*Asks:* 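Have a look at this one.
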Amino acid sequence: MAHEVRESRLLIVGLGLIGGSLAAALRDAGFEGEILACDPDADEIARGVEMGLIERGDTRLATLLDGVSMIVLAVPVLAMREVLEALAEQGVADDPSLVITDVGSTKGAIREAAEAAFGRLPVNLVLGHPIAGSEKSGVAASDSHLYVGHKVILTPATTTAPSAVARVRALWQAAGAEVLEMEVERHDQVLARTSHLPHLLAFSLVDTLARQDDRLEIFRYAAGGFRDFTRIAGSDPVMWRDIFAANQQAVLAALDDFEAGLARLRQAVADGDADAMLSTFDRASHARRYFDSLLNQSSYQAEYQMQEQATLRYRAGPGGEVRGRIRVPGDKSVSHRAIMLGALAEGVTEVSGFLEGEDSLATLQAFREMGVAIEGPHQGRVTIHGVGLHGLKAPSGPLYVGNAGTAMRLFAGLLAGQAFDTELTGDVSLTKRPMGRVADPLREMGAVIETAEGGRPPLNLRGGQALQGITYDMPMASAQVKSCLLLAGLYAEGETRVREPAPTRDHTERMLGGFGYRVEREGDTCWLEGGGRLSAAPIDVPSDISSATFFLVAAAITPGSDLVLEHVGVNPTRIGVINILKLMGADLRLENEREVGGEPVADLHIRHAPLKGIDIPVDQVPLAIDEFPALFVAAANAEGVTRLRDAAELRVKESDRLQAMADGFAVLGVEHRLYDDGIDIVGRREGQDDEGPSYGGGRVDSLGDHRIAMAFAVAALRASDAVAIDDCANVATSFPGFIELARRVGLTIEAQQEDA
Ligand code: S3P
């Protein structure tokens, strides 16, 4: 057996479900010693023998003690005293070859009974409690798997012999349990909340209903909810009477807390306070799911990490045409901000078109963990019950934002001014990205932030700091840094001014304006004054131009293509890709231009036309910062050379995008030259026809970067052979449903799940 139990003869006192199941588990595990049982009910003993669980038994304890090496006390808690007294009379205390343990659900009362019976706590007595059971009772219900994967808590005293503890540990491990140690008092408090209280409630609810005259009717119609909630009301009444008597103080404390919570909910129901109800249910529902993931031995975070380990590979076939009319998912930047400002606003914010990608969902989840009630998303609709700028609550653990750089940097700003501490963590890719760019100016504002080495995540933000507005000259053109400081500025005294070296996306400024918060701009500087308030406003999130880009390029490079992308956000700070593609000769038109919720949108109509290489204007770089992986693919299909400079920021995105694209191009045979801050890409030779393949196929690595993965999927349209792309799971961060949409317009692409 895996955990060797060397006991020669085991005596179980009290042969019910718990003792019987232990015997069954030991038998299954190949235990070679003898198992005896003592029980006041001779029938139970006879059944135990019949079932092959025990060798023999008796109703009298004294007759069974001879040669026993371990005694397991499995009688109801209040019966323990009598048994312990009987053992004391037999002089078993402190016999080093004999170990006594128990399975009682409360430990303080049993320790007291032992001290009374023996005059002190014997060194060979190890109190324990298997956290397993069933509403069934009696030896007939024994189950050899009852303890598998369950916890057994041992509560040894400082005087308990370590060898005795080790033997009891081995016993439970052999039964398949995980053994841990705890102090008696802590055990009793924890169990009062997690086990005793729910049993009390189940007994009480069933009893209350059963007393009502129409109980038969009620029970007849009671379905799943009632059954799930009350299963444990079928448990052994004597055992539970004893537990509540023995753990009285801890149970009363747990019950007081519960009553206070119930009273709050009662009030919410009485007042028709939908927000209060929703936020309680929402918190509970997420806590329950979190608890589930713990039970499945994986935390939220571990689940994410497991997802990361299972890699997804794309296989994109060569050739095809790109045709149709599609709508890509909502804008990632706007989706993050909609949740953030909606949560901090006063009133209810209705969002439509929300991107249900992992990045923006991480932001949503983080606010739930800070006590914000959020309904949805349901088909892009989210309802946020704003708590006001000062209404967030301390989360119970670190806020995990996955792959989302935008979430981490914007959160850094808005959490720097909160009253509570927070820790921001992310996935492997995010952990490598620079956060000093936000931590440094936030510190200038008075924030207290610790980062890991090199200014990397995790970020630890100390709450309760008084922030001061600053004037900040950004060293890089970054909308994330600008937005971070503006959000911190909401909590700062005085004005927070940010100067940007080149225009970057201005969704934060626009949306703040839409929520009634004044943001000023003059030239390259924008600013706001702290201490105001946000009022909820509806938000219609346009389709993400960064996601649309993959299809723009797909149609632009593929002969015979004609595609319309509907409702795309064409904010002037985001249309670098449109400008660049047009400069390259793309046949691209904006149709049906309009404005929704403060953001301009249009349908983008693109047809294939031969492209030519260009020197990308430096002022377009920040306006197309996320679009370069796809634009490089356009360049590889354009006639002549395309040159990009002043784009070192690409090296600190979800991957080093200059290097990742260059490595992939090397595989496909696309000529290129890499620079510190850019790349030259050599496309078709002058006069070479634009019909045949532009390069070869092969296997490339996306490095877990969603945009690299999608760019190479598009590149396959003009490859001579298939392109296999490794590590594509993160496409789900920004573009859920990419493969289905890509297939719909004519790409040949499959995803295969593989273990790393
Ligand atoms: C974003 C800003 C850009 C962009 C990112 C989203 C935003 O990052 O690359 O995908 O939502 O503010 P930088 O601010 O680092 O340039």
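Quick caveat, the model's predicted, so the values are computed rather than measured. We count ligands from 1, going down the list as the structure has it; atoms in each ligand are counted the same way.
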*Asks:* Only one of Arg707, Lys432, Arg433 forms a salt bridge (charged side-chain N to carboxylate O under 4.0 Å, His left out) with Glu654, so which one is it?
*Replies:* Arg433
*Asks:* Would you call the rings of His672 and Phe665 parallel, tilted or perpendicular, taking 30° and 60° as the class edges?
*Replies:* tilted
*Asks:* Sequence neighbours left out, what passes ring-ring contact (aromatic ring centres under 6.0 Å, His included) with Phe367? Give chain and number order.
*Replies:* Phe411
*Asks:* Pairs in or reaching into residues 525-534: which pass side-chain hydrogen bond (donor to acceptor under 3.5 Å, both in side chains), with residues at least two apart or in two chains?
*Replies:* Glu346-Arg533
*Asks:* Tyr491: what forms a ring-ring contact (aromatic ring centres under 6.0 Å, His included) with it, not counting sequence neighbours?
*Replies:* His390
*Asks:* Show me the short polar-atom pairs for ligand 1: any N or O of it lying under 3.5 Å from a protein N or O, with distances only.
*Replies:*
residue	atom	partner	partner atom	Å
ligand 1	8 (O)	Gln480	NE2	3.4
ligand 1	8 (O)	Lys653	NZ	3.1
ligand 1	9 (O)	Asp626	OD1	2.5
ligand 1	9 (O)	Asp626	OD2	3.3
ligand 1	9 (O)	Lys653	NZ	2.7
ligand 1	10 (O)	Asp626	OD1	3.4
ligand 1	10 (O)	Asp626	OD2	2.7
ligand 1	11 (O)	Ser333	OG	2.6
ligand 1	11 (O)	Arg337	NH1	2.8
ligand 1	11 (O)	Arg337	NH2	3.4
ligand 1	12 (O)	Arg337	NH2	2.6
ligand 1	14 (O)	Ser478	OG	2.6
ligand 1	14 (O)	Ala479	N	3.0
ligand 1	14 (O)	Gln480	N	2.8
ligand 1	15 (O)	Lys653	NZ	3.2
ligand 1	16 (O)	Lys653	NZ	3.1

*Asks:* Report the C-alpha distance between Arg521 and Glu500 in whole Å, list the side-chain angles of each, state the deciding distance to 0.1 Å, and finish with yes or no for salt bridge (charged side-chain N to carboxylate O under 4.0 Å, His left out).
*Replies:* CA-CA 11 Å; Arg521 171 170 281 273; Glu500 44 189 3; 2.8 Å; yes
